[in-house]
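Nothing fancy with the numbering, it's 1 onward along the sequence.
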Amino acid sequence: MPDLIITHVYRRFLWPMVALIVVLVAGTAGYLVIGGANTTIVDALYMTFITIATIGYGEIIDMAAKPGARIFTMVIAFAGIGVTTYIFSTLTAFIVAGELNQALRRRKMLKRIGQLSGHYIVCGAGRVGANVAHELDKTERPYVVVDIDPAQIAAHGQRHAEAMYILGDGTEDEMLEQAGIRRAAGVFAVTGDDSRNLVITLSSKQLNPACRVVARCHEVNYFSKMERVGADAIVSPDFTGGMRIVSSMIRPQVVSFLDEMLRSDDNVRVEQVTVGANASGSIENFAPPSHEYIVLALRTGGRDTVFNPAPDRSVQPGDVIVVMATPAGRAALESRAG
């Protein structure tokens with residue numbers, strides 16, 4: 001991991017320090033010429049330093065009869081004082097404005113992200129991304145938000161005190177790498193721009209073909225493109241919103257039930273648990289009766305669905321158990337399923 005603090009300081013102070021060195025070298029060379037053969041480099045450098053620092057100990061190089069030397073001194077003083085004033089003001093702003101603290105927090109956050117595995121990356125912290133992050137929080141799934149807009153990132157940080165986020169462009173491989181794309185379980189490409197979501201999908205699949213990518217899409221002509229670059233699921237908020245409006249009219253009790261489930265303090269959700277490669281047994285083995293979950297269905301390897309499966313129903317590796325569960329219930333089932 002790059003040393004972010006050193007990099008930040010380097011970028012802020014490199015050119016001012018170069019300018020100060022140029023002034024010191026120019027002043028030293030000038031005073032060597034003005035002072036003549038009896039002037040040493042230390043004398044010339046000292047004369048330059050006290051001129052820039054406005055110490056005013058007195059001229060150790062005689063310039064009484066040298067008007068040009070005094071003009072040279074004024075030029076060196078003007079340039080040197082300007083450069084040093086800029087350096088100190090920048091240093092003050094760097095500390096007072098909290099930039100150093102921000103760099104430290106960013107370094108700590110990247111260290112935390114580097115320890116994640118099986119997490120999710122949310123590219124886009126707007127209205128849709130905020131709801132995605134909220135749901136991941138409620139179901140206790142680790143995630144990292146990536147957004148290029150500082151205001152969106154700041155708002156997300158205020159909503160989620162312990163959130164992990166990166167300020168940057170999710171279409172860039174470097175940002176996805178910092179977010180841990182190679183260890184991620186999935187990526188949400190949910191910016192407000194279909195073309196950006198397309199690039200995020202393509203980049204994510206190139207960097208980690210095994211991760212699942214869910215993309216947001218408004219324009220119909222982007223659906224096929226996103227499918228071709230590897231999107232595992234494409235969601236249109238316009239279509240989904242329309243279906244929700246119809247459902248609220250023709251099946252209001254179902255919608256009310258789902259809404260209450262999403263608002264539940266127990267964070268109950270309809271979840272899926274995949275049976276591991278080395279696991280086998282019956283539904284009862286994997287999901288014995290518990291108040292933490294209810295088994296709703298079994299999706300077999302052939303993608304056939306068995307609703308309300310019997311407790312002695314055989315379960316094979318790769319099957320998916322669909323349950324209504326709390327986060328603790330889901331974790332327990334995942335542990336048994338391997």
Side-chain angles (χ1 to χ4, degrees), residues 4 102 105-106 109-110 112-114 116-139 141-245 262 269:
L4 296 175
Q102 290 178 7
R105 285 197 298 270
R106 178 174 170 81
M109 188 174 299
L110 286 179
R112 289 174 59 201
I113 293 172
L116 291 177
S117 181
H119 60 290
Y120 297 89
I121 301 172
V122 182
C123 294
R127 288 174 295 180
V128 174
N131 287 320
V132 170
H134 178 72
E135 179 64 13
L136 292 174
D137 258 341
K138 295 284 281 186
T139 55
R141 287 177 165 89
Y143 68 93
V144 179
V145 169
V146 180
D147 198 292
I148 198 172
D149 186 350
Q152 298 280 22
I153 286 293
H156 177 73
Q158 291 175 355
R159 289 190 297 266
H160 307 277
E162 298 299 320
M164 287 176 281
Y165 51 82
I166 295 174
L167 177 61
D169 190 347
T171 62
E172 297 179 359
D173 290 355
E174 180 184 358
M175 294 298 105
L176 293 174
E177 291 279 12
Q178 287 186 17
I181 180 64
R182 298 186 188 277
R183 306 181 307 279
V187 175
F188 295 91
V190 291
T191 72
D193 186 333
D194 287 352
S195 61
R196 293 173 65 83
N197 293 336
L198 178 68
V199 176
I200 291 168
T201 301
L202 176 61
S203 299
S204 299
K205 281 297 187 179
Q206 288 179 336
L207 294 171
N208 182 2
C211 78
R212 179 175 175 82
V213 178
V214 176
R216 171 188 179 185
C217 185
H218 289 283
E219 300 295 333
V220 176
N221 60 336
Y222 271 91
F223 272 68
S224 60
K225 295 177 183 178
M226 288 185 176
E227 288 178 344
R228 287 199 298 270
V229 299
D232 296 282
I234 304 168
V235 178
S236 170
D238 302 325
F239 175 79
T240 305
M243 292 298 295
R244 171 59 185 267
I245 291 171
L262 293 175
R269 298 289 187 274

- [ ] Applying side-chain contact (heavy atoms from CB on, under 4.5 Å), run through Val199 and Ser195 and close with a yes or a no.
- [x] CA-CA 6 Å; Val199 176; Ser195 61; 5.8 Å; no
Task: side-chain hydrogen bond (donor to acceptor under 3.5 Å, both in side chains) partners for Asp147, two or more places apart - done: none
Task: Which residues share a side-chain hydrogen bond (donor to acceptor under 3.5 Å, both in side chains) with Thr171, sequence neighbours left out - done: Asp169
Checking [X] side chain against [Y] main chain: does a donor-acceptor pair fall under 3.5 Å?
{"X": "Asn208", "Y": "Ile181", "result": "yes"}
{"X": "Lys205", "Y": "Cys211", "result": "yes"}
{"X": "Asp232", "Y": "Val214", "result": "no"}
{"X": "Arg216", "Y": "Val190", "result": "yes"}

Nearest-0.5 Å distance that lies between atom [atom1] in [X] and atom [atom2] in [Y]:
{"X": "Gln206", "Y": "Leu202", "atom1": "CD", "atom2": "CG", "answer": "4.0 Å"}
{"X": "Phe223", "Y": "Glu227", "atom1": "CZ", "atom2": "CD", "answer": "8.5 Å"}
{"X": "Ser204", "Y": "Arg182", "atom1": "OG", "atom2": "CZ", "answer": "11.0 Å"}
{"X": "Leu167", "Y": "Gln178", "atom1": "CG", "atom2": "CD", "answer": "10.5 Å"}
{"X": "Ser203", "Y": "Glu174", "atom1": "OG", "atom2": "CD", "answer": "12.5 Å"}
{"X": "Cys217", "Y": "Asp194", "atom1": "SG", "atom2": "CG", "answer": "4.0 Å"}

Between [X] and [Y], which heavy-atom pair has the shortest distance, and what is it?
{"X": "Tyr165", "Y": "Met109", "result": "O-SD, 2.9 Å"}
{"X": "Ile200", "Y": "Gly170", "result": "CG1-O, 3.5 Å"}
{"X": "Gly168", "Y": "Val146", "result": "O-CG1, 3.7 Å"}
{"X": "Met226", "Y": "Ile234", "result": "CB-CD1, 3.7 Å"}
{"X": "Met164", "Y": "Leu116", "result": "CE-CD1, 3.6 Å"}
{"X": "Asn197", "Y": "Thr201", "result": "O-OG1, 2.8 Å"}

Task: Heavy-atom side-chain proximity of Ile113 to Ile166 below 4.5 angstrom - done: yes
Open item on the list: Can you confirm whether His218 sits close enough to Pro237 that some side-chain heavy atom of one is under 4.5 Å from a side-chain heavy atom of the other?
Closed with: yes
Identify every side-chain donor-acceptor pair in residues 118-130 under 3.5 Å, counting partners at least two apart or on other chains, and give the distances.
from	atom 1	to	atom 2	distance (Å)
His119	NE2	Ala179	O	2.8

TODO: Give a yes or no on whether a salt bridge exists between Arg269 and Glu135, defined as a side-chain N under 4.0 angstrom from a carboxylate O.
DONE: yes
Open item on the list: Can you confirm whether the side chains of Tyr143 and Asp137 place a donor and an acceptor under 3.5 Å from each other?
Closed with: yes
